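What you see is a predicted model; the values in this text were computed from it and never measured. The chains referred to below are lettered A, B, ... by the order of the sequence lines, with proteins before strands, and numbering in each begins at 1.
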Amino acid sequence: MQTVFQYPNALTDVTTHYCPGCTHGVIHRLIAETIDELGIREKTIGIAPVGCSVFIYNYFDVDFAEAAHGRAPAMATGIKRVRPDRVVFTYQGDGDLAAIGTGEIMHAAARGENITVFFVNNAIYGMTGGQMAPTTLPGMKTTSSPNGRDVELQGYPLRMTEIMATMPGVSYAVRRSVHDPGNINKTKKAIKTALQVQLNQAGFAMVEILSSCPTNWGVTPTEALQFVKNQMIPYFPLGDFKIADVVKALR
Amino acid sequence: MKELWEGNQAIAEAALRAGMEAYFGYPITPQTELLEYLSKKMPTMKRAFVQAESEIGAINMVYGAACAGARAMSSSSSPGVSLMQEGLSYIAGSEVPVVIVDMMRGGPGLGNIAPSQADYFQLTKGGGHGDYHPIVLAPASVQEAVDLTYGAFDLAEKYRHIVIIAADGNIGQMMEPVELPPPHEVAKRERGWELTGASGRPHRFISSIHLQPEALHAFNVHLQDKQREIEKNEVRFAEYSMDDAEYVVVAFGSAARASQSAARWARAKGIRAGVFRPISLYPFPYARLTEIAQRVRAILVVEMNAGQMIEDVRLAVAERVPVKFFGRMGGLVPFPDEVLPEIEAMVER
């Protein structure tokens, strides 16, 4: 009998702790499938963030280090510099990458570190229970912006991929979403390209992935995917913000 | 053959000779020469050097490189070491070996760039959150700074722990004749815990998270067992004219050197003075100092701070004899002729 669908080798057979309707599981699977397809499971080292995906190292059958909140790009720098033949990626949420860790991500990008960053943006702090994130939309209610984010008081959301795209050290900066099958497929292609950038020593690559948080948004899983489509994408448009010539040459 | 070396550069060279594969740092006075020296040497040696965006970036790069099994080091001075404490707590909790050099300067806050010993509490009592103590070694000369740095990587790997070279700006900036140790090759070794990619083995992870209280308790018990092992094996100190000493100065680093001259002058005046110099500030030489306290008349603690190590001295002495204090702050190094009257005052009492 021919096997047409199976668990990726790069994932462990462990039940995840994620809430129903959260798309971390989809994103994990896409990364794992890509690691399998590229045949790099045995030379990949991941850096886990602080936040909802803090236990990612339990779910991936690859070596992992756990970073302090926001510091994953610095740890990835240390690992990659001493093991340049390994594939090093960080997996970071919006609180991790766009708030406490802005310094680390900006400078890893500015240095053009040959690492891959998966940036999962759900516009809210998930693990701590739904507080305002740097990516919380204007007017969006959270436990720490109970009347809705007021940009006069709380400032504007950060569009990290657009910021990354301005930096010469960045070779690949794109935003994708996993709210429907078509976009899931596009996200997987971007994940693959981002890892191929690293395999070809072509510099810093980041894929921002819009993700859902039904628990903290206070909506059903289906409504959460609608929220990504109707509310988040208008503020965080999907697309390729930087594809350096060196990356185009890989295609 | 002895050569004249500046302290910071000599430490950098000693670290290279110890097989340091990766250095990540950020410039801060009075230790910048260390970073500058390595920025010249390491790229030509094909070893990893990054001038980080901050001390926070630097310590997390060290953490990453150490997770990947490299001999990794950073160096800084007091305000920068304060910034590194977050990373040091995670490193202690993850049990990876790292070496840090702290060329202490005056504080608190921005303070100044002159020599100080006011990081004693921060370094020896943990610094970052949680129950741990780094191994803290305090050199009193450039030669000793070289020797301690050279051995620090082996020590860090022995316990999978943090080793801090606690010097002061004086040691970093002055030049002294030094005998450098022989270079030893960067050993490409598998120690069974480092992250290399899960080739032909189950995947590994390095982490400091233990969500269940019972599990975190058990891990802390393990860490404390390791601390007791360190306390048993790694106590270091030096003694000067201590055999018949009645009046003892306890001091470390630069303060100990000034105290030695003062003790010598006191001897010339007929006072039986000696100097006890802790080299390991953690583990502190409590047992030896307790023995000493049983046979002397009084103890003077001299520090370049407001009195930090004196708390450990008092624990060892346990009120057997009077313990006095003389301190200089703000980057002032005590002069022997300032310490001598303090020794004489012990006798007069």
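Within residues 105-130 of chain A, the residues that have a heavy atom under 4.5 Å from a heavy atom of chain B are A/His107, A/Arg111, listed by number. Proximity to chain A among residues 81-99 of chain B is limited to B/Glu86, B/Tyr90, judged by heavy-atom separations below 4.5 angstrom. The contact list for residues 39-51 of chain B toward chain A, using heavy atoms and a distance under 4.5 Å, reads B/Ala48, B/Phe49, B/Val50 by residue number.
With a 4.5 Å cut-off on side-chain heavy atoms, A/Thr12 and B/His203 count as touching. The closest side-chain heavy-atom distance from B/Leu195 to A/Arg83 is not below 4.5 Å.
A donor-acceptor pair under 3.5 Å links the side-chain atoms of A/Asp63 to the main chain of B/Arg204, judged by distance alone. With hydrogens and angles disregarded, no donor-acceptor distance shorter than 3.5 Å links the side chain of A/Arg81 to the backbone of B/Ala22.
Note that OG1 of A/Thr77 is 15.0 Å distant from OH of B/Tyr63, once rounded to the nearest 0.5 Å. We find the OG-CD distance between B/Ser208 and A/Glu66 to be 6.5 Å, quoted to the nearest 0.5 Å. Atoms CD1 and SG, on A/Ile45 and B/Cys67 in that order, are 9.5 Å from each other to the nearest 0.5 Å.
Both the backbone and the side chain of A/Arg41 have a heavy atom closer than 4.5 Å to some heavy atom of chain B. Interface remark: A/Arg71 contributes backbone and side-chain atoms alike to the contact with chain B (heavy atom separation under 4.5 Å). Residue contact with chain B, scored on non-hydrogen atoms closer than 4.5 Å, is absent for A/Val88. When heavy atoms are compared at a cutoff of 4.5 Å, A/Phe55 approaches chain B solely by way of its side chain, counted from C-beta outward. Of the two parts of B/Leu211, only the side chain, counted from C-beta on, holds a non-hydrogen atom closer than 4.5 Å to a non-hydrogen atom of chain A.
The local environment of CD1 in B/Ile113 is sparse, with at most 12 non-hydrogen atoms from other residues, nucleotides or ligands closer than 6.0 Å. The number of heavy atoms from other shown groups lying within 6.0 Å of OH (B/Tyr26) does not exceed 12. With a 6.0 Å radius and a threshold of 12 heavy atoms from other residues, nucleotides or ligands, B/His217 has its NE2 atom at or below the threshold. Annotation: B/Gln212, atom CD; neighbour count of heavy atoms from other residues, nucleotides and ligands within 6.0 Å does not exceed 12.
The shortest non-hydrogen separation linking B/Asn60 to A/Ala74 is CB-CB, 3.6 Å. The minimum heavy-atom distance between A/Glu42 and B/Gly200, with the atom names listed, is OE2-N, 3.3 Å. Residues B/Ala68 and A/Val82 approach most closely at CB-CG2, 3.7 Å, considering heavy atoms.
Remark: A/Asp96 pairs with no residue by the salt bridge (charged side-chain N to carboxylate O under 4.0 Å, His left out) rule, at least two apart or across chains.
Of all the listed residues (A/Ala65, A/Gly46, A/Gly103, A/Ala68), the one sharing the greatest number of non-hydrogen pairs under 4.5 Å with chain B is A/Ala68. Among B/Thr196, B/Ile206, B/Ile59, the residue making the largest number of heavy-atom pairs under 4.5 Å with chain A is B/Thr196.
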